[in-house]
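Structure, as structure tokens:
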Amino acid sequence: MADPKGFLTTGREVAETRPPKERVKDWNEVYVPGSLLPIISKQAGRCMDCGIPFCHNGCPLGNLIPEWNDYAYREDWTAASERLHATNNFPEFTGRLCPAPCESACVLAINQPAVTIKNVEVSIIDKAWDSGDVTPQPPERLSGKTVAVIGSGPAGLAAAQQLTRAGHTVAVYERADRIGGLLRYGIPEFKMEKVHINRRIEQMRAEGTKFRTEIEIGQDLDAAKLRKRYDAVVIAAGATVSRDLPVPGRELNGIHFAMEYLPLSNKVQEGDLTVSPITAEGKHVVVIGGGDTGADCVGTAHRQGAASVTQLEIMPRPGDERAPHQPWPTFPMLYKVTSAHEEGGERVYSVSTTHFEGDENGNVQSLHLAEVEFKDGKLTQKPGTERSIPAQLVTLAMGFTGTDQSNGLVEQFGLELDERGNIARDADFATNVPGVYVAGDAGRGQSLIVWAIAEGRSAARGVDRYLTGASDLPAPIRPTDRALTA
């Protein structure tokens, strides 16, 4: 193990962030550059090398956490990177964006602060990039088989990299103008600078993966024709249909889905736009939805110079400690203060939007809400709690309902859907159409980045076995696996 007494002698330290007043003036990542490396070896030494490492249970990738904690403690960064990449294609993504269910399942977390697994992970991979340990891994020989991957989010990229390294000729189709999916246009720059995506794409290109941007399957290219062109297809198009809020006034100008709002700020950072067409500058902003996407809207509004930011959540405020019905090692619902929340704004819980009001020009000016409570197992509005708040820009960040079916992809392939509207698949991630597989949110529904990568890796094994009759590729999860919750 690492330090046999580390968990007793060393307290938990996390990455240092820049002062909120400083960081809202730019779009760089919120962390102080280089702040982790001086402390991370001791933090890795807090790992207990448990007989049964429940962190493995919390992580769907099956990351070898005690092993690379040990290497990080000993500052053997090359070995740590090798063990990290053994189960995760993109640890720089998960190390920045994953909510770390592994830490919730850490044995130390039973009665102490968990090991900073996520910080150790990102330190290892950043050190690996800086030292040149991350290099292309092209296949030794080609199989002669071709695969199309639809979608370039984490699931699609993971599947593409695994299949390319297995010797297949892989082309990734992306409807946006750049590769990355929601990593590119859904995650703000201050959470993950896009240099991390760009250098992975270059690694994948050097390995042989081809990328085709601005091609939407179903619209620009018929899905049936694509199927005939390739030996196999992996659909990793995500769950991109945003949940709407059908209340009076929804049609007013200034009310946008989060995925209409956030990509534009990323376009500004890419240099495509000088100013976002949807800006919070000088406006009273209301974000509806209390999850990570809502927090991304909050942080973006701060950087655009909002007059005020209010985030609404229909559910009650989570507790600061584990609830009795969410025991270790389940992933608990806890009150979370993200970097965006540190920067200001108000968070309001247990409220529901009743309607919007606008001005004479059809622009939203206010939002009317009411408090809600659980009554007889249902959310019920409390009488006499109605009030209004100013709202000149409203973003809807209430999650996603499924895969986009309006573009014809599902219909043209002839795909069957499950009872939740996701693309149905069997134990090998195969759809009802021979040679067509599905990975990520398109088959699972809205989920986490770590599950998307695990799905991409697992679907790649199914495709490889379909093309060659057998496969040595890892499959960390089954399509039916779910996070450990209570």
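Atom CD1 of I215 sits about 11.0 Å away from atom CD1 of I150, to the nearest 0.5 Å. In this structure, CZ on R444 lies 12.5 Å from CD on Q446, to the nearest 0.5 angstrom. From C297, atom SG reaches atom CD of Q311 across 8.5 Å, with rounding to the nearest 0.5 Å. Atom CG of D76 and atom CG of D70 lie 9.0 Å apart (nearest 0.5 Å). One distance of note links CZ of F257 with CG of D244; it measures 3.5 Å at 0.5 Å rounding. One finds the CG atom of N422 at 8.5 Å from the CG atom of D441 (value rounded to the nearest 0.5 Å).
Looking only at distances, no side-chain donor or acceptor of S81 sits under 3.5 Å from a matching main-chain atom of W77. Panel note: side chain E455, backbone G440; a donor-acceptor pair is recorded below 3.5 Å. Between the side chain of T330 and the backbone N or O of P327 there is at least one donor-acceptor pair closer than 3.5 Å. With hydrogens and angles disregarded, a donor-acceptor distance shorter than 3.5 Å links the side chain of T403 to the backbone of G238. When atom types are taken as modelled, the side chain of K194 and the backbone of M192 share a donor-acceptor pair closer than 3.5 angstrom. Not a single donor-acceptor pair under 3.5 Å links the side chain of T293 to the backbone N or O of A397. A distance-only check finds a donor-acceptor pair linking the side chain of R425 to the backbone of V438 [under 3.5 Å]. Without hydrogens or angle criteria, S276 side chain to I278 main chain gives a donor-acceptor distance under 3.5 Å. For the pair Q43 (side chain) and E13 (backbone), a donor-acceptor distance under 3.5 Å is present. Between the side chain of R212 and the backbone N or O of R175 there is no donor-acceptor pair closer than 3.5 Å.
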Derivation and outcome, side-chain contact (heavy atoms from CB on, under 4.5 Å), residues K127 and L37: CA-CA 9 Å; K127 183 73 173 178; L37 208 55; 4.2 Å; yes
Using the side-chain contact (heavy atoms from CB on, under 4.5 Å) rule, take V134 and R200 through it: C-alpha gap first, then chi angles, then the decisive distance, then the call. CA-CA 9 Å; V134 184; R200 274 297 176 188; 3.7 Å; yes
Kindly indicate, with the supporting measurements, whether the criterion side-chain contact (heavy atoms from CB on, under 4.5 Å) is fulfilled by L396 and R243. CA-CA 8 Å; L396 307 179; R243 181 173 284 108; over 6 Å; no
Working for salt bridge (charged side-chain N to carboxylate O under 4.0 Å, His left out), residues D472 and R465: CA-CA 9 Å; D472 292 327; R465 186 158 55 187; over 6 Å; no
Going through the distances and angles, do V287 and L312 end up as a side-chain contact (heavy atoms from CB on, under 4.5 Å)? CA-CA 6 Å; V287 178; L312 308 181; over 6 Å; no
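For the residue pair H168/T164, the side-chain donor-acceptor check at 3.5 Å is not satisfied. Of the N and O atoms on the side chains of H196 and E29, at least one donor lies less than 3.5 Å from an acceptor on the other residue. For the residue pair N89 and R457, a side-chain donor N or O sits within less than 3.5 Å of a side-chain acceptor on the partner. Q304 and Y261 share a donor-acceptor pair across their side chains, judged by distance under 3.5 Å alone. Using modelled atom types, one finds a donor on one side chain and an acceptor on the other under 3.5 Å when comparing T78 with D133. Counting only N and O atoms by type, the side chains of Q161 and Q203 include a donor and acceptor under 3.5 Å apart. In this model, a donor atom of one side chain and an acceptor atom of the other lie less than 3.5 Å apart for S152 and E174. For the 3.5 Å distance criterion, the side chains of Y185 and D177 qualify, holding a donor opposite an acceptor. No hydrogens or angles considered: a donor-acceptor pair under 3.5 Å links the side chains of E121 and T94. Residues E216 and N407 have side chains that bring a donor and an acceptor to within less than 3.5 angstrom of each other. A donor-acceptor pair shorter than 3.5 Å cannot be found between the side chains of H56 and N63. Using a 3.5 Å distance cut-off with no hydrogens or angles, the side chains of N266 and R178 do not pair a donor with an acceptor.
Residues V372 and I314 share a closest heavy-atom pair of CG2-O, 3.6 Å. Heavy-atom minimum distance, G51 versus P53: O-CD, 3.7 Å. Considering every non-hydrogen atom in both L183 and I449, the closest pair reads CD2-CD1, 3.7 Å. Nearest heavy atom pair, residue A80 against residue A72, reads CB-N, 4.3 Å. Taking both residues in full, the closest heavy atoms of L64 and R83 are given as CD1-NH2, 2.8 Å, listed atom of the first, atom of the second, then distance. The two residues A483 and W451 have their closest heavy-atom pair at N-CZ2, 3.3 Å.
Crowding of K191 atom NZ: a count of heavy atoms from other residues, nucleotides or ligands under 6.0 Å exceeding 12. For E411, the CD atom counts as loosely surrounded, since its 6.0 Å shell holds 12 or fewer non-hydrogen atoms of other residues, nucleotides or ligands. The neighbour count for M333 CE, taken as heavy atoms of other residues, nucleotides or ligands under 6.0 Å away, does not exceed 12. In K42, the NZ atom is not crowded: 12 or fewer heavy atoms of neighbouring residues, nucleotides or ligands sit closer than 6.0 Å. For Y31, the OH atom counts as loosely surrounded, since its 6.0 Å shell holds 12 or fewer non-hydrogen atoms of other residues, nucleotides or ligands. With a 6.0 Å radius and a threshold of 12 heavy atoms from other residues, nucleotides or ligands, R317 has its CZ atom above the threshold. Under a cut-off of 6.0 angstrom, the local environment of NZ in K210 is sparse, with at most 12 non-hydrogen atoms contributed by other residues, nucleotides or ligands.
Classification of E342 and R23 as a salt-bridged pair holds, one side-chain N sitting under 4.0 Å from a carboxylate O. The pair D428-R478 does not count as a salt bridge, with every side-chain nitrogen at least 4.0 angstrom from each carboxylate oxygen. A salt bridge links R165 to E207: one of the charged nitrogens lies within less than 4.0 Å of a carboxylate oxygen. Here K336 does not pair with D320 in a salt bridge; the nearest charged N to carboxylate O distance is not below 4.0 Å. The pair E202-R205 counts as a salt bridge, with a side-chain nitrogen and a carboxylate oxygen less than 4.0 angstrom apart. Salt bridge status for E189 with R303: absent, with no side-chain N to carboxylate O gap under 4.0 Å.
Two residues are said to be in side-chain contact when any heavy atoms from C-beta on lie closer than 4.5 Å; P318 and Y349 meet this criterion. Looking at heavy atoms from C-beta onward, M315 lies in side-chain contact with F374 at the 4.5 angstrom threshold. No side-chain heavy atom of P188 sits under 4.5 Å from any side-chain heavy atom of S265. Side-chain contact between L245 and M398: present, with at least one pair of heavy atoms (C-beta onward) separated by less than 4.5 Å. Within the 4.5 Å cutoff, the side chain of V147 has no heavy atoms near those of the V233 side chain.
With V450 as reference, C59 is the one residue of P99, P476, C59 to meet the side-chain contact (heavy atoms from CB on, under 4.5 Å) rule.
A search for side chain to side chain donor-acceptor pair (under 3.5 Å) contacts involving E82 returns nothing, not counting sequence neighbours.
Using cut-offs of 30° and 60° for the angle between ring planes, the F190 and W27 rings count as tilted.
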